[in-house]
Amino acid sequence: MSVRWLVYTSMLYAAGCTRLEPAAPAADTLLDGPVEGLSHEEHLRFLRGDVAFNDDVFHAGNGLGPVFVATRCGSCHAGDGPGHPSTTLVRYGQADAGGNTYLHLGGPQLQHRALPGVQPEALPAGAPSSRFLPPLNTGLGFLDAVPDADLLLWADEHDADGDGISGRPNRVERKTYSPLRAGTSELNGQVMGRFGRKSAVYDLLQQTANAYTQDIGVVNAFEPVDPDTHEAQDPEVPTATVHDVVFYLRTLKAPVQRDRDDADVIAGEAVFQAIGCGKCHRAELTTGTSSIAALAHRTIRPFTDLLMHDMGPGLDDGYTEGSASSAEWRTPALWGLGLFPDSQGGSYFLLHDGRAHSIGEAIDLHGGEGQGARDAYQALPAADRDKLLRFLQSL
Amino acid sequence: MRPALALFAVLCAGTAVAQIDSTLLVAPSAPDSTAPKLNMDAVYNRPFLTFDKIPVSLGGYVEAKVQHLGTDGVSDGTSFALQRMTLFVASSIHRRIKFLSEIELEEGGKEIAIEFAALDLEFHPLLNLRGGIVMNPIGAFNQNHDGPKWEFNDRPLMAVQMLAATWSNVGFGVHGKRSSGPWTFGYEAYLTNGFDASIIGNGADRTSLPAAKDNAERFTESSNGMPLTNAKVALRHQRFGEIGVSTMGGVYNRFQVDGLVLDKRRRVDVIAIDVNSAIKPWGTNLIGEWAWVMVDVPATYTQQYGSAQHGGFLDIVQPLHTGTILGFADAVLNLAVRGEYLDWNVGTFRETDTRIGDEVWAIVPAISFRPVPGTVLRLNYRHERAVDVLGNPPSVTGGVQFGVSSYF
């Protein structure tokens with residue numbers, strides 16, 4: 001033996017380094033990551049929000065609960081994708097546009113988990129309720145930047161064109177802490193909701209502040225009322241952190257479609273449009289002005305119209321929010337659909353409560369305004385149906 | 001009673017060897033594989049420096065590494081670390097009264113811990129009283145963790161991230177050892193302070209026994225007044241090696257305050273098996289350990305915190321060359337590999353009846369060079385796959401590590 005082994009060892013180490021490290025997954029296989037075009041300062045803020053969203057874990061020692069749904073933001077949105085049945089939450093207390101009648105009993109959200117020694121909330125007997133699967137996070141900033149006026153062009157509350165589709169906005173009260181978005185459509189003092197399964201949330205600040213309090217039991221300057229005591233408390237998370245999380249959610253990239261040039265995918269999209277899916281799942285939207293330059297005036301392909309649609313009795317849980325009926329649901333964006341299993345433990349859990357375990361099953365469960373497209377889908381030749389599913393999996 | 005008496009008679013029939021072997025308190029020497037030492041003897045099975053006319057022995061070890069790791073294409077770059085520097089101070093107060101302490105400075109002094117500071121009183125080779133800060137005998141690594149003894153830069157995941165190595169507590173107990181022919185039997189049993197509720201409420205967002213290490217008050221008082229019970233038995237045969245079985249358990253939560261009952265008493269229990277053997281014809285050493293953790297987690301708490309964990313590791317160390325290397329007369333060049341696995345949350349989701357993830361496995365091939373027995377240079381390649389609680393596609397970590405560790 002000689003010094004040769006030392007030389008070999010050094011060479012091995014030198015040859016190692018980056019080349020021996022695992023390669024990055026392709027960007028179009030991931031839902032998370034920032035939008036392109038952020039400034040240096042915006043990137044830093046994105047990273048702060050990323051840490052707060054995914055790494056800040058709450059527990060008994062730093063404000064969790066005492067009743068709660070989850071211990072951190074990221075636990076309900078793994079990889080910024082949609083949630084899993086183990087992370088669903090229950091909303092209750094409102095059956096129609098008349099408002100929530102169970103607020104005094106803990107509504108509108110059930111905190112079904114609790115710190116040791118504390119009793120979690122129980123669903124009041126007879127309360128209308130629905131289970132909500134946590135939605136996809138990515139691309140929210142783009143959806144936030146689409147002008148109300150563009151969406152209202154597609155609204156057809158009384159189905160004047162007779163196509164069986166009658167989308168409408170969910171009119172809700174704007175929280176005083178939410179700044180008015182440029183071009184906001186107001187009607188009788190109410191604004192158009194945009195986020196949430198029932199589109200009852202005006203903006204991402206309301207969504208975030210509410211999630212801290214209702215999901216984690218962490219009160220903040222915006223939503224200071226503790227869901228357990230129903231009393232206002234000192235903030236348990238800094239206001240700057242809430243804003244960083246909002247910024248993070250706004251600047252998550254839009255999912256990237258894969259295999260766009262594949263012949264079956266192209267044909268599948270044609271089928272998608274031909275059978276009427278695209279009447280609600282609008283392929284393209286264009287953003288307006290935005291305080292974040294990277295989000296302004298961009299054409300995106302989320303496959304949603306962000307409007308409420310009656311989905312029939314099969315999906316009517318008897319619970320609602322805002323001015324929507326209990327059978328109405330906001331058209332979910334379809335972008336990222338093919339990657340959902342990578343954040344749902346390898347399976348599909350689709351529709352508002354995750355009851356559908358495949359894309360086909362989700363289509364089969366469409367009713368109401370979606371029934372025409374569903375019937376057309378079921379009548380498709382097998383080859384066309386496969387192409388349609390191939391297209392949806394490419395999103 | 002008869003089996004117990006018979007066992008006692010068999011044990012007493014052999015050659016008595018005290019747990020405290022004062023011959024170990026000598027200047028650095030090569031490990032003696034024939035001595036009847038067990039993993040539980042590790043605190044004394046170290047090289048010490050002695051001084052004339054001073055009944056105190058000194059020792060210690062240092063451990064440093066450089067690594068270049070990355071996860072999913074995001075490189076951490078090259079990073080140097082002084083993982084730990086540990087000082088041993090031992091004293092023979094009397095032939096049958098010994099004191100030993102181990103003070104560890106980790107991460108460049110960011111964390112300073114008294115890992116061991118105990119007084120041993122020998123009444124009989126099979127009955128020694130130990131009191132002070134003891135390293136709980138759970139598995140083998142927790143006690144036998146000195147860096148220079150291992151061929152890998154990182155400690156085993158299960159030992160550090162599941163069993164909280166190095167897990168030390170204040171307490172009292174007894175230990176003893178007996179040899180008979182090729183057989184050596186040893187035991188330890190302690191009552192110590194224990195875990196606290198942070199094991200199911202912490203920044204790791206999972207059931208984590210190591211979270212309790214953040215509570216330095218455990219060295220001055222129990223979190224709930226309930227002692228942690230801890231016992232181990234080990235059996236060694238000179239030819240076949242050693243097997244140890246250990247258990248540790250107790251109430252971890254603060255179930256009452258000022259007489260007011262806050263919650264039921266919730267237990268944490270651990271069982272571990274450790275083995276240490278060699279394939280003599282090839283000189284291959286096999287070192288392995290597996291442990292199970294059971295925690296009473298409230299059903300109304302989040303499933304993120306599992307009620308069961310398990311994991312372990314197996315090290316295979318193959319000497320490639322023994323002899324003079326670079327002028328070191330008895331140097332050894334080893335090829336080694338570690339396989340390790342850890343599941344932080346064993347079970348299924350209530351909502352879907354599908355398997356909960358939150359697990360990691362790793363494989364670590366290594367080359368180590370020992371110019372002298374107490375000094376090791378080691379080159380590792382680490383490949384690790386970690387799955388989140390939902391079982392989504394794993395994050396992959398990999399890269400090269402080079403480090404040194406030595407007794408001094």
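Lettering follows sequence order; numbering is per chain, from 1.
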**OP:** Would you name the heavy atoms of B:Gly203 and A:Val57 that are closest together and state the gap between them?
**Re:** O-CG2, 3.3 Å
Original post:
CZ of B:Arg254: more than 12 outside heavy atoms within 6.0 angstrom?
Top reply: no
Original post:
Where on A:Pro85 is there a heavy atom nearer than 4.5 Å to chain B: the side chain, the backbone, both, or neither?
Top reply: both
Original post:
Which one of B:Gly391, B:Gly201, B:Ala331 has the most heavy-atom pairs closer than 4.5 Å to chain A?
Top reply: B:Gly201
**OP:** Can you tell which part of A:Ala60 gets under 4.5 Å to a heavy atom of chain B, answering side chain, backbone, both or neither?
**Re:** neither
Original post:
Between A:Gln344 and chain B, which part of the residue has a heavy atom less than 4.5 Å away: side chain, backbone, both or neither?
Top reply: backbone
Original post:
Checking B:Asp72 side chain against A:Ala24 main chain: does a donor-acceptor pair fall under 3.5 Å?
Top reply: no
Subject >> Proximity breakdown for B:Tyr305 and chain A, heavy-atom pairs closer than 4.5 Å >> reply: side chain
Original post:
What is the distance from atom NE2 of B:His383 to atom CG of A:Leu20, rounded to the nearest 0.5 Å?
Top reply: 11.5 Å
Original post:
Under 4.5 Å between any side-chain heavy atoms of B:Thr352 and A:His84, yes or no?
Top reply: yes
Subject >> B:Asp330, CG: over 12 other non-hydrogen atoms inside 6.0 angstrom >> reply: no
Original post:
Should B:Gln304 and A:Thr71 be marked as a side chain to side chain donor-acceptor pair (under 3.5 Å) after you check the CA-CA gap, both sets of side-chain angles, and the distance that decides it?
Top reply: CA-CA 8 Å; B:Gln304 198 88 25; A:Thr71 53; 4.9 Å; no
Subject >> Beyond-backbone contact of A:Ser86 with B:Leu390, side-chain heavy atoms, under 4.5 angstrom >> reply: yes
Subject >> Largest heavy-atom contact set with chain A, pairs under 4.5 Å, which of B:Asp205, B:Asp263, B:Thr71, B:Val396 >> reply: B:Asp205
**OP:** Below 4.5 Å from any heavy atom of chain A, which atoms of B:Thr397 appear? Answer side chain, backbone, both or neither.
**Re:** backbone
Subject >> Between B:Pro298, B:Gly77, B:Pro393, B:Ala197, the one whose heavy-atom pairs under 4.5 Å with chain A are most numerous >> reply: B:Pro393
Original post:
Contact part of B:Phe349 toward chain A, heavy-atom cut-off under 4.5 Å: side chain, backbone, both or neither?
Top reply: side chain
Original post:
If we only count heavy atoms from C-beta on, is the A:Pro116 to B:Ile200 side-chain gap below 4.5 Å?
Top reply: yes
